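Have a look at the structure below, then the notes.
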Amino acid sequence: MELDYTYDHGWIAYESWPVTVGITPVATAFLGCVERVQLPRPGSYVTAGLSCGEFESRQLSRPLYAPVSGEVVEVNTDVLLNPWLVGRDPYQAGWLFKVRLTEWPEHALSPAEYSQLTEAEPEYDRGPVVGLPQ
(Lines give C-alpha, C1' and ligand atoms only; values in the text may rest on other atoms or scores of the structure.)
Protein backbone atom coordinates (compact mmCIF):
# COMPACT_ATOMS: atom_id res chain seq x y z
CA MET A 1 0.00 0.00 0.00
CA GLU A 2 1.46 3.38 -1.03
CA LEU A 3 0.96 5.86 1.83
CA ASP A 4 1.57 9.47 2.65
CA TYR A 5 1.18 10.78 6.19
CA THR A 6 0.16 13.97 7.96
CA TYR A 7 1.78 15.83 10.83
CA ASP A 8 -1.19 14.83 12.96
CA HIS A 9 -0.72 11.08 12.43
CA GLY A 10 -3.17 10.48 9.63
CA TRP A 11 -2.48 8.44 6.53
CA ILE A 12 -3.60 8.73 2.91
CA ALA A 13 -3.52 5.63 0.67
CA TYR A 14 -3.19 6.25 -3.06
CA GLU A 15 -3.33 2.64 -4.27
CA SER A 16 -6.80 3.18 -5.70
CA TRP A 17 -9.04 6.01 -6.69
CA PRO A 18 -10.66 7.53 -4.65
CA VAL A 19 -8.00 7.78 -1.93
CA THR A 20 -8.48 6.13 1.45
CA VAL A 21 -7.95 7.98 4.74
CA GLY A 22 -7.13 6.65 8.21
CA ILE A 23 -5.09 7.29 11.33
CA THR A 24 -1.80 5.75 12.40
CA PRO A 25 -1.03 3.59 15.43
CA VAL A 26 0.58 6.67 17.03
CA ALA A 27 -2.79 8.45 16.93
CA THR A 28 -4.67 5.41 18.19
CA ALA A 29 -2.23 5.03 21.09
CA PHE A 30 -2.95 8.64 22.07
CA LEU A 31 -6.71 8.10 21.88
CA GLY A 32 -6.76 4.89 23.87
CA CYS A 33 -9.70 2.52 23.42
CA VAL A 34 -11.98 4.24 20.88
CA GLU A 35 -15.62 3.83 21.90
CA ARG A 36 -17.34 5.98 19.27
CA VAL A 37 -16.41 7.34 15.85
CA GLN A 38 -18.25 10.05 13.96
CA LEU A 39 -17.35 10.27 10.26
CA PRO A 40 -18.43 12.63 7.47
CA ARG A 41 -21.40 11.50 5.39
CA PRO A 42 -20.98 10.18 1.86
CA GLY A 43 -21.66 13.00 -0.58
CA SER A 44 -20.33 15.65 1.80
CA TYR A 45 -17.19 17.65 1.11
CA VAL A 46 -14.24 17.79 3.48
CA THR A 47 -11.57 20.46 3.57
CA ALA A 48 -7.97 19.67 4.50
CA GLY A 49 -7.22 20.87 8.02
CA LEU A 50 -10.86 21.30 9.07
CA SER A 51 -12.82 19.09 11.45
CA CYS A 52 -14.98 16.48 9.73
CA GLY A 53 -15.75 14.05 12.54
CA GLU A 54 -14.84 12.97 16.04
CA PHE A 55 -13.33 10.19 18.12
CA GLU A 56 -14.50 9.42 21.64
CA SER A 57 -12.70 7.24 24.14
CA ARG A 58 -12.91 6.85 27.90
CA GLN A 59 -10.10 9.34 28.31
CA LEU A 60 -11.04 12.04 25.82
CA SER A 61 -12.94 13.30 22.82
CA ARG A 62 -10.91 14.55 19.85
CA PRO A 63 -11.87 16.02 16.50
CA LEU A 64 -11.03 14.22 13.28
CA TYR A 65 -9.35 16.64 10.89
CA ALA A 66 -9.52 15.93 7.17
CA PRO A 67 -6.04 15.32 5.71
CA VAL A 68 -7.28 16.07 2.17
CA SER A 69 -9.97 18.12 0.41
CA GLY A 70 -12.68 16.52 -1.69
CA GLU A 71 -15.96 14.65 -1.80
CA VAL A 72 -16.49 11.79 0.63
CA VAL A 73 -17.62 8.85 -1.48
CA GLU A 74 -17.60 6.06 1.13
CA VAL A 75 -17.27 5.62 4.88
CA ASN A 76 -16.20 2.52 6.74
CA THR A 77 -19.46 1.43 8.35
CA ASP A 78 -17.60 -1.37 10.15
CA VAL A 79 -15.73 1.30 12.14
CA LEU A 80 -19.00 3.04 13.01
CA LEU A 81 -20.39 -0.23 14.39
CA ASN A 82 -17.08 -1.46 15.88
CA PRO A 83 -14.97 1.62 16.80
CA TRP A 84 -12.27 -0.57 18.37
CA LEU A 85 -11.19 -1.52 14.81
CA VAL A 86 -9.49 1.88 14.54
CA GLY A 87 -7.01 0.87 17.23
CA ARG A 88 -6.75 -2.83 16.43
CA ASP A 89 -6.10 -2.57 12.68
CA PRO A 90 -5.69 1.09 11.63
CA TYR A 91 -4.24 0.34 8.17
CA GLN A 92 -6.71 -2.31 7.04
CA ALA A 93 -10.04 -2.90 8.80
CA GLY A 94 -9.83 0.45 10.64
CA TRP A 95 -9.67 2.79 7.63
CA LEU A 96 -12.06 5.74 7.99
CA PHE A 97 -13.35 7.08 4.66
CA LYS A 98 -12.64 7.46 0.94
CA VAL A 99 -12.33 10.81 -0.81
CA ARG A 100 -12.44 11.91 -4.44
CA LEU A 101 -9.74 14.59 -4.27
CA THR A 102 -10.40 18.12 -5.46
CA GLU A 103 -6.77 19.07 -4.92
CA TRP A 104 -3.58 17.20 -4.16
CA PRO A 105 -2.52 17.47 -0.48
CA GLU A 106 0.21 20.08 0.00
CA HIS A 107 1.58 19.02 3.36
CA ALA A 108 1.75 15.25 3.00
CA LEU A 109 4.78 13.50 4.44
CA SER A 110 6.60 10.60 2.84
CA PRO A 111 7.05 7.43 4.93
CA ALA A 112 10.66 8.49 5.68
CA GLU A 113 9.58 11.99 6.76
CA TYR A 114 6.84 10.56 8.97
CA SER A 115 9.30 8.16 10.56
CA GLN A 116 11.58 11.09 11.41
CA LEU A 117 8.62 13.00 12.88
CA THR A 118 7.59 10.16 15.16
CA GLU A 119 11.16 9.52 16.31
CA ALA A 120 11.61 13.18 17.25
CA GLU A 121 8.22 13.65 18.92
CA PRO A 122 7.87 13.22 22.70
CA GLU A 123 5.49 10.46 23.82
CA TYR A 124 3.16 12.88 25.60
CA ASP A 125 2.76 15.45 22.81
CA ARG A 126 0.51 14.01 20.11
CA GLY A 127 -1.52 17.10 19.10
CA PRO A 128 -4.84 16.87 17.25
CA VAL A 129 -5.75 13.74 15.37
CA VAL A 130 -5.47 13.66 11.58
CA GLY A 131 -5.03 16.71 9.40
CA LEU A 132 -2.54 19.43 8.68
CA PRO A 133 -0.22 21.33 11.01
CA GLN A 134 -2.13 23.83 13.16
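The structure displayed is predicted, hence computed values, not measured ones. Atoms considered below: every heavy atom in the structure, side chains included; atoms not considered: hydrogens, waters and symmetry mates.
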Holding to side-chain hydrogen bond (donor to acceptor under 3.5 Å, both in side chains), I want the full list of residues that pass it with [X], two or more places apart in sequence or in another chain.
X: S57; value: Q59
X: N76; value: none
X: S110; value: E113
X: E35; value: R58

> When rounded to the nearest 0.5 angstrom, what distance separates CZ in F30 from CG in D8?
Replying inline: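 Separation between the atoms: 11.0 Å.
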Measure the shortest side-chain to side-chain distance between [X] and [Y] over non-hydrogen atoms and say whether it is less than 4.5 angstrom.
X: V68; Y: I12; result: yes
X: V21; Y: W11; result: no
X: E103; Y: S69; result: yes
X: R62; Y: L31; result: yes
X: P83; Y: V37; result: yes

>> Restricting to ring-ring contact (aromatic ring centres under 6.0 Å, His included), what partner residues turn up for F97, sequence neighbours left out?
In response: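 F97 satisfies ring-ring contact (aromatic ring centres under 6.0 Å, His included) with no other residue.
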>> Could you report the tightest heavy-atom contact between P40 and V75, atom names first, then the distance?
In response: O-CG1, 3.0 Å
>> Would the distance check show the side chain of T28 and the main-chain N or O of P25 forming a donor-acceptor pair, the cut-off being under 3.5 Å?
In response: yes
> Pairs in or reaching into residues 80-99: which pass side chain to side chain donor-acceptor pair (under 3.5 Å), with residues at least two apart or in two chains?
Replying inline: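 Found none.
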> Which residue pairs pass the side chain to side chain donor-acceptor pair (under 3.5 Å) test when at least one of the two sits in residues 36-55, sequence neighbours left out?
Replying inline: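 Found R36-E54, R36-E56, E54-S61.
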>> If you apply the rule side chain to side chain contact (heavy atoms under 4.5 Å, CB included), what do you find for L39 with V72, and how did you get there?
In response: CA-CA 10 Å; L39 298 174; V72 176; over 6 Å; no
>> Applying a strict under-4.5 Å side-chain criterion to I, L, V, M, F, W and Y, I'd like to know whether Y14 and V46 cluster together.
In response: yes
>> Check for me, please, whether L50 and L96 land in the same ILVMFWY cluster - side-chain distances under 4.5 Å, paths through other members count.
In response: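 L50 does not cluster with L96.
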> Is the distance between the ring centroids of Y114 and H9 under 6.0 Å?
Replying inline: yes
> Stepwise, does the side chain to side chain contact (heavy atoms under 4.5 Å, CB included) test hold for Y5 with L3?
Replying inline: CA-CA 7 Å; Y5 297 88; L3 299 176; 3.3 Å; yes
>> Applying side chain to side chain contact (heavy atoms under 4.5 Å, CB included) to V19 and L101, what does each step give before you reach the verdict?
In response: CA-CA 7 Å; V19 300; L101 296 180; 3.8 Å; yes
>> Can you pull out every salt bridge (charged side-chain N to carboxylate O under 4.0 Å, His left out) where at least one residue sits in residues 76-87? Sequence neighbours excluded, please.
In response: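 Residue pairs passing salt bridge (charged side-chain N to carboxylate O under 4.0 Å, His left out), neighbours aside: none found.
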